[in-house]
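For reference, the structure is listed below as structure tokens.
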There are 2 protein chains.
Amino acid sequence: MESTTQQCLSLAVSTVVFALRPHPSTGRTTPWLPLVRRIREPYEGLWALPGGPLEDDQDLADSAGATLLRTTGLAPRHLEQLYAFGNVDRSPGERVVSIVYWALVRRDEDARAIDGDNVEWFVADDVHGLAFDHDVIVRYALDRLRAKITYSPIAHAFVTDEFTLAQLREVYEAVLGRALDPANFRRQILAQGAVEPTGRHVTGTSHRPPALYRSNPAHSRHSLTIEETS
Amino acid sequence: MESTTQQCLSLAVSTVVFALRPHPSTGRTTPWLPLVRRIREPYEGLWALPGGPLEDDQDLADSAGATLLRTTGLAPRHLEQLYAFGNVDRSPGERVVSIVYWALVRRDEDARAIDGDNVEWFVADDVHGLAFDHDVIVRYALDRLRAKITYSPIAHAFVTDEFTLAQLREVYEAVLGRALDPANFRRQILAQGAVEPTGRHVTGTSHRPPALYRSNPAHSRHSLTIEETS
DNA sequence: TCAAAAGTGTTATTGATACACCCATGA
DNA sequence: TCATGGGTGTATCAATAACACTTTTGA
């Protein structure tokens with residue numbers, strides 16, 4: 001029964017946007033995310049996930065995509081619903097239910113990203129002290145990213161159209177936080193059929209020129225994903 | 001930014017409730033779910049998932065639990081968020097965003113379940129022609145149930161406190177829809193440490209008395225689950 | 001010719017699967 | 001003693017991990 005009762009709560013859509021950048025101290029590639037400084041109560045002055053109220057004429061994923069555009073200037077490459085947070089006490093004052101998405105930004109697009117006002121990027125694992133329950137949300141999104149990359153080809157969303165297996169491996173290593181054996185990685189990726197060789201090679205390297213691959217669209221979609229027109 | 005804008009949409013919580021019962025024709029145990037007949041427009045007369053508007057003072061999971069109580073007379077054994085559905089056009093007329101949960105009912109509790117008015121149970125795989133986008137939701141919940149049972153001890157939510165491995169195996173077979181090798185099933189279940197022997201045995205069988213087990217609470221919780229006070 | 005990363009080959013280990021076989025009970 | 005499902009043993013095959021080794025380039 002989806003009733004017609006008028007309700008005294010607001011519905012917001014927020015997004016955890018991940019991009020891979022070098023860690024400022026170690027230099028190793030690691031997930032980063034953009035946060036927005038709150039300019040009003042509650043939690044004025046604190047950092048929070050980018051988001052906003054759901055518009056009447058906007059699908060949930062569209063709202064998340066618009067947020068991504070506003071904060072990073074980019075269109076979503078991978079956009080997926082994470083979870084709906086709606087505990088009564090999660091926001092002081094008004095009741096707010098937040099539907100949270102997570103998005104992945106490609107390394108080449110990330111390079112030409114432009115931050116909006118009051119937007120700053122942080123190393124995802126170091127984030128804490130956020131407004132609302134956003135610490136928990138970021139933690140959950142990171143866990144999900146790390147779990148999903150092991151059984152789904154989402155890593156492709158971080159690389160350019162054509163890529164070397166070393167670049168793809170760097171994505172896995174950045175997300176999982178550990179080194180992977182290049183030989184076994186190559187075999188596993190090729191065996192699952194999610195990439196196919198373009199026949200072209202990178203030139204100008206000081207070593208054997210690596211082959212270029214592209215992701216195989218026939219294999220890239222999993223049955224358990226809800227299809228949404230982004 | 002979780003803004004304070006007033007919105008012209010309603011927020012509902014619906015629940016896909018699964019119980020295992022014999023299939024009316026084949027006799028094999030299979031997932032069933034309760035549906036509610038709609039008594040008003042839109043979709044008047046059609047079957048729909050049990051649910052209702054989110055109350056101001058109610059957490060999301062509490063709302064789903066109340067729905068389960070109303071339709072089956074039972075308290076939730078396993079209750080978990082499935083997905084938030086909110087496309088603009090999913091409900092004619094008013095904009096409705098539905099946060100959908102799924103619940104599992106134990107076989108012993110299911111036996112003493114009492115249906116509410118206009119509530120009827122159906123074989124989950126045969127359900128179609130529901131109101132709104134509920135066909136898609138049921139399909140998605142079934143997919144998730146079948147996927148999750150392979151890597152998480154949710155099967156325990158279908159059996160009594162003490163159970164034989166044959167009973168637990170019947171749950172897996174009912175959900176997955178195929179027979180499992182009893183010998184290998186035993187080893188896999190015991191190896192993952194999610195069950196422990198009680199030391200007691202079933203008596204009165206016309207064959208070797210099977211041992212009774214209980215689920216091991218230390219192992220039963222996975223890191224990727226959001227903790228909710230049901 | 002040397003360094004460095006691409007790419008191939010080989011072996012050991014682990015886990016899944018299939019299935020033969022013994023055990024304990026009631027009828 | 002027979003039928004029935006509980007429970008154990010074991011061989012086979014596939015996936016994973018570890019690592020030695022060859023290839024191709026620029027410097």
Open item on the list: Considering only residues two or more places apart or on different chains, which pairs with a residue in residues 171-201 of chain A satisfy ring pair (Phe, Tyr, Trp, His ring centres under 6.0 Å)?
Closed with: A:Tyr172-A:Phe185
Using the test side-chain hydrogen bond (donor to acceptor under 3.5 Å, both in side chains), find all partners of [X] that sit at least two apart in sequence or belong to another chain.
{"X": "B:Trp47", "value": "none"}
{"X": "B:Trp32", "value": "none"}
{"X": "A:Ser25", "value": "A:His23"}

TODO: Could you list the residues that satisfy side chain to side chain contact (heavy atoms under 4.5 Å, CB included) with A:Leu69, not counting sequence neighbours?
DONE: none
Task: Nucleotide range of DNA chain D lying under 4.0 Å from chain A heavy atoms - done: D:dA17 to D:dG26
Open item on the list: Applying salt bridge (charged side-chain N to carboxylate O under 4.0 Å, His left out) as the test, list every pair that has at least one member in residues 17-28 of chain A; sequence neighbours left out.
Closed with: A:Arg21-A:Asp110
- [ ] Can you check each nucleotide of nucleotides 3-9 of chain C against protein heavy atoms at under 4.0 Å and return B for base, S for sugar-phosphate only, - for none, in 5' to 3' order?
- [x] BBSBSBB
- [ ] Please identify each residue that fulfils ring pair (Phe, Tyr, Trp, His ring centres under 6.0 Å) with A:Phe18, with sequence neighbours left out.
- [x] none
